[in-house]
Amino acid sequence: MRKPIIAGNWKMNKNMAETKALVAELAPLVKGADCDVVLCVPFTDLAVAKKAVKGTEIKIGAQNVHWKESGAYTGEISANMLKELKVDYVIIGHSERRQYFGETDETVNLRTQAALAARIKPIVCVGETEKEREDGLTEKVLYRQITEGLKGFKSKDFDKIVVAYEPVWAIGTGKTATAKDANETIGYIRSVLNKKFRGAGDKVRIQYGGSMKPSNCKELMAEEEIDGGLIGGASLKAGDFSQIVNYNK
Ligand code: 13P
């Protein structure tokens, strides 16, 4: 059975003091959760966050990783640097990185390879834009993002890889995909993974992301294909995020 995974993506929010305070407030609220709980924080908060979650079950993730081991790549962070901080997860290919920072399926592939080689679990993001959805291209876009972004990976790699389906039009907009639509699209992603990666679709954990909040998390999580959530805005408040983590209570 696939263990649900609820991850917060803090994006470019919270300084070190705020990180310490938020984790301290959150930890008792998510104790005993039935799902994996992950906080993906800015690079500058990783060390503080790791220290703050000590003795809890909360895992810490980064929001990007470079594929080279070292060298003249100003502003980048390698997988070994994250490993040194004992980072557990890393978000790769978020739509904001694709949109603003030139991320492509090819760089997603390289980053995912680097993360796995360092034993850091990648959370690989896919999703269509509003225009692509309107033009009926959702499946085509997802097919390309998955087969190119994850090209060359073995079925066993999907024990570690997490996929996040985030329709771009639902991110930070308050618009959520209906639970049925999200379920159907994630089912499509599974079918592609099953076909292209020898049965990986049945075991891989696939999250939904995009305006997930306390008021809609139960409905989304009740769907068979949805194994969790990648939460932006609502992960910045301990009360909201803990309600999502405790969706089944
Ligand atoms: P929101 O939850 O703010 O819509 O953001 C979703 C997201 O981008 C998580 O990675």
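Every number for a ligand or one of its atoms is a count from 1 in the order of the listing. Source: prediction; values computed, not measured.
- Side-chain contact of Asn15 with Asp45: a donor-acceptor pair under 3.5 Å is absent, judged by distance alone.
- On a distance-only criterion, Thr173 and ligand 1 share no N/O pair closer than 3.5 Å.
- The protein atom (non-hydrogen) at minimum distance from atom 7 (C) of ligand 1 is Glu166 OE2, 3.1 Å.
- When Gly229, Gly172, Cys40 are ranked by how near their heavy atoms come to atom 4 (O) of ligand 1, first place goes to Gly172.
- Within the 4.0 Å heavy-atom criterion, both parts of Leu230, backbone and side chain, lie near ligand 1.
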Would Arg133 and Glu130 count as a salt bridge (Lys or Arg N to Asp or Glu O under 4.0 Å) if you check the C-alpha gap in whole Å, the side-chain angles of each, and the deciding distance to 0.1 Å? CA-CA 5 Å; Arg133 171 159 281 241; Glu130 189 151 34; over 6 Å; no
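- Not a single heavy atom of Ala234 sits under 4.0 Å from any atom of ligand 1.
- Geometrically, ligand 1 and Ile231 share no nitrogen or oxygen pair separated by less than 3.5 Å.
- For the residue pair Glu84/Asn80, the side-chain donor-acceptor check at 3.5 Å is not satisfied.
- A heavy-atom separation below 4.0 Å is found between Ala170 and ligand 1.
- Stacking of Lys68 on the aromatic ring of Tyr73 is not recorded, the 6.0 Å distance cut-off and the 45° axial limit not both being met.
- The side chain to side chain donor-acceptor pair (under 3.5 Å) with Arg98 is formed by just one residue from the set Asp105, Thr104, Thr129; it is Asp105.
- Numbered from 1 in the order shown, with element, the atoms of ligand 1 that lie under 4.0 Å from a heavy atom of Gly210 read 4 (O), 6 (C).
- Scanning the protein for heavy atoms near atom 3 (O) of ligand 1, the closest one is Gly233 N, 2.8 Å.
- Under the 3.5 Å distance criterion, with hydrogens and angles disregarded, a donor-acceptor pair is assigned to the side chains of Glu128 and Trp169.
- In this structure the side chain of Ile171 reaches within 4.5 angstrom of the side chain of Glu96, judged on heavy atoms.
- Heavy atoms of Gly209 come nearer than 4.0 angstrom to ligand 1 in no pair at all.
- When only modelled atom types and interatomic distance are considered, Tyr165 and Gln145 share no side-chain donor-acceptor pair under 3.5 Å.
- The closest side-chain donor-acceptor pair between Glu103 and Thr107 falls under 3.5 angstrom.
- Residue contacts with ligand 1: Lys213 is excluded, as none of its non-hydrogen atoms falls under 4.0 Å.
- Residue-to-ligand polar distances place Gly232 within reach of ligand 1: an N/O pair is separated by less than 3.5 Å.
- Distances between N or O atoms of Glu96 and those of ligand 1 include no value under 3.5 Å.
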